[in-house]
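Here is the structure we will look at, set down as structure tokens.
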Amino acid sequence: MSATTTTQPATSPVDASGPAPARGGRGGEGRIGLRANLRHIGALVRRNALQIKQDPESMFDVVLMPIIFVLLFVYVFGGAISGKGNNQEYVNYVVPGLMAMMGMNIAMAVGTGINDDFKKGVMDRFRTMPIARSSVLIAKIVVEIGRMLVAVAILLAMGFLLGLEIRTSILDLFAAIGLSMVFGASLMWIFILLGLTMKTAQAVQGMAMIVLMPLQFGSSIFAPPTSMPGWLETFTDYNPLSNLADAARNLINGGPVAESVWMTLGWALLITVVTAPLAVAKFRKKT
């Protein structure tokens, strides 16, 4: 083989400089250093962000969902749960809970996006590139965390308009937001795995709704568990969304937070440890 090669035009924003693996992708993935891997993740994050810029309609769920949910639950359920004319108390109850709900709903978009990328042949391009397979998935999670932050910011803005009060401190509010981001990121691995397993994006959405509905409505997000039947109250006590909602609620309103915070972090760690390796292995197999 001649030592002279023809320079090919770049086909991707990923900078493949640094410790490059052997041609063929999979066999040389282990040679990619940490710095190169981080650079590839950064380039893929930029690519995904540019896709959002080119398709601003993809942000409609992030912008509209918090507004609709706050108005719907405060004015439909607020009077029934907190008493007529006492919506302000319900705002302080439901808005922290909705922070947990935002993360779960936005996490679902990662699975449908991954599935759609395979259908469009985007992953065929990544297959030929000297990048770690995990960097593609991590970049998607980073971008979705950014979308989640936008959704939570809009949610809190709506809450403040309706009378939400921070009864602790701004640092506690940031802690509640950070906890929601950590748990939401762990849920993304579940939906990535679903996106890699199911055949169509519609199937991913259908399966996600089967998971989402019991967890969301069988939790303390919308109503105190004490108002529920005994069997449902028991389910609610072990529901990770209840732990997150209670932690965020107590961080904002005041109250004991240690148990619910550690339970939320424990669930996030368990979900990530179990599903992230499965998702990466499935992605490597498919690419």
Side-chain angles (χ1 to χ4, degrees), residues 65-108 151-152 155-156 158-169 172-184 186-187 190 208-271:
M65 187 166 54
I67 298 173
I68 293 172
F69 281 171
V70 170
L71 294 176
L72 179 65
F73 289 111
V74 167
Y75 289 109
V76 172
F77 295 133
I81 294 175
S82 299
K84 189 173 181 181
N86 198 23
N87 278 344
Q88 195 276 328
E89 281 301 316
Y90 188 66
V91 169
N92 263 72
Y93 182 90
V94 77
V95 169
L98 287 176
M99 291 170 63
M101 189 174 173
M102 290 295 103
M104 199 164 196
N105 281 276
I106 291 174
M108 181 175 64
V152 169
L155 173 70
L156 291 172
M158 284 299 301
F160 288 132
L161 286 175
L162 296 179
L164 175 69
E165 297 178 355
I166 306 301
R167 296 168 180 170
T168 50
S169 69
D172 290 312
L173 174 62
F174 288 152
I177 295 172
L179 194 64
S180 300
M181 297 302 108
V182 170
F183 188 76
S186 71
L187 293 177
I190 297 178
M209 292 306 298
I210 293 174
V211 175
L212 287 173
M213 296 298 286
L215 288 176
Q216 289 178 347
F217 289 96
S219 71
S220 63
I221 290 177
F222 308 110
T226 52
S227 65
M228 302 177 184
W231 62 270
L232 184 56
E233 186 176 354
T234 301
F235 174 79
T236 301
D237 290 339
Y238 290 96
N239 186 340
L241 284 186
S242 292
N243 293 316
L244 175 56
D246 292 343
R249 190 173 292 124
N250 290 339
L251 282 167
I252 290 175
N253 296 325
V257 297
E259 182 180 357
S260 53
V261 167
W262 285 114
M263 286 292 292
T264 301
L265 293 175
W267 273 110
L269 179 62
L270 177 63
I271 292 169

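We're numbering straight along the sequence, starting at 1. Please read these numbers as outputs of a predicted model, since none were measured by experiment.
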Handout entry: Least distance between heavy atoms, Pro66 atom then Met102 atom
Key = CG-SD, 3.7 Å
Exercise for the section: Hey, could you give me the CH2/CG distance between Trp267 and Leu269, rounded to the nearest 0.5 Å? Expected result: 12.0 Å
Handout entry: Greater than 12 external heavy atoms within 6.0 Å of Tyr238's OH
Key = no
Handout entry: Contact summary for Ala268 and Val182, nearest pair of heavy atoms
Key = CB-CG1, 4.1 Å
Handout entry: Euclidean distance, Tyr90 OH relative to Leu164 CG, rounded to 0.5 Å
Key = 13.5 Å
Problem - Sidechain-backbone polar pair: Asn92 side chain, Asn253 backbone, donor-acceptor under 3.5 Å - result: no
Exercise for the section: Supply the atom-to-atom distance Thr226 OG1 to Met228 CE, rounded to the nearest 0.5 angstrom. Expected result: 8.5 Å
Exercise for the section: Show your working on side chain to side chain contact (heavy atoms under 4.5 Å, CB included) between Ser180 and Leu244 and close with a plain yes or no. Expected result: CA-CA 7 Å; Ser180 300; Leu244 175 56; 4.1 Å; yes
Problem - Residue pair Leu241 / Phe183, side-chain heavy-atom distance below 4.5 Å - result: yes
Exercise for the section: Count the heavy atoms of every other residue, nucleotide or ligand shown that sit under 6.0 Å from CD of Glu259, and state whether that count exceeds 12. Expected result: no
Practice task
Tell me yes or no: between the side chains of Ser169 and Asp172, is some donor less than 3.5 Å from an acceptor?
Solution key: yes
Fill in the blank from the handout: Here the pair of heavy atoms bringing Glu165 nearest to Ile252 is O-CG2, 3.8 Å
Practice task
Kindly give the heavy-atom pair with the smallest separation between Pro225 and Thr236, and that separation in Å.
Solution key: CG-CG2, 3.7 Å
Handout entry: Any donor-acceptor pair under 3.5 Å from Thr168 side chain to Leu251 backbone
Key = yes
Using distance only, find each side-chain donor-acceptor pair of residues 214-222 under 3.5 Å and give its atom names and separation, not counting sequence neighbours.
unit_1, atom_1, unit_2, atom_2, d
Ser219, OG, Gln216, O, 2.6
Ser219, OG, Ile221, N, 3.2
Ser220, OG, Asp246, OD1, 2.9

Handout entry: Beyond-backbone contact of Val211 with Ile190, side-chain heavy atoms, under 4.5 angstrom
Key = no
Practice task
Return the minimal non-hydrogen interatomic distance between Ala151 and Ile106, and the atom names on each side.
Solution key: CB-CD1, 3.4 Å
Problem - Min side-chain heavy-atom separation Leu179-Met99 under 4.5 Å - result: no
Practice task
Enter the distance from Leu173:CG to Ile166:CD1 here, rounded to the nearest 0.5 Å.
Solution key: 4.5 Å
Exercise for the section: Give the intermediate values and the outcome of side chain to side chain contact (heavy atoms under 4.5 Å, CB included) for residues Val70 and Leu161. Expected result: CA-CA 11 Å; Val70 170; Leu161 286 175; over 6 Å; no
Problem - Which atom of Tyr75 lies closest to which atom of Leu162, heavy atoms considered - result: OH-CD2, 3.3 Å
Exercise for the section: Using a strict cut-off of less than 4.0 Å between a Lys/Arg side-chain nitrogen and an Asp/Glu carboxylate oxygen, indicate whether Glu89 and Arg249 qualify as a salt bridge. Expected result: no
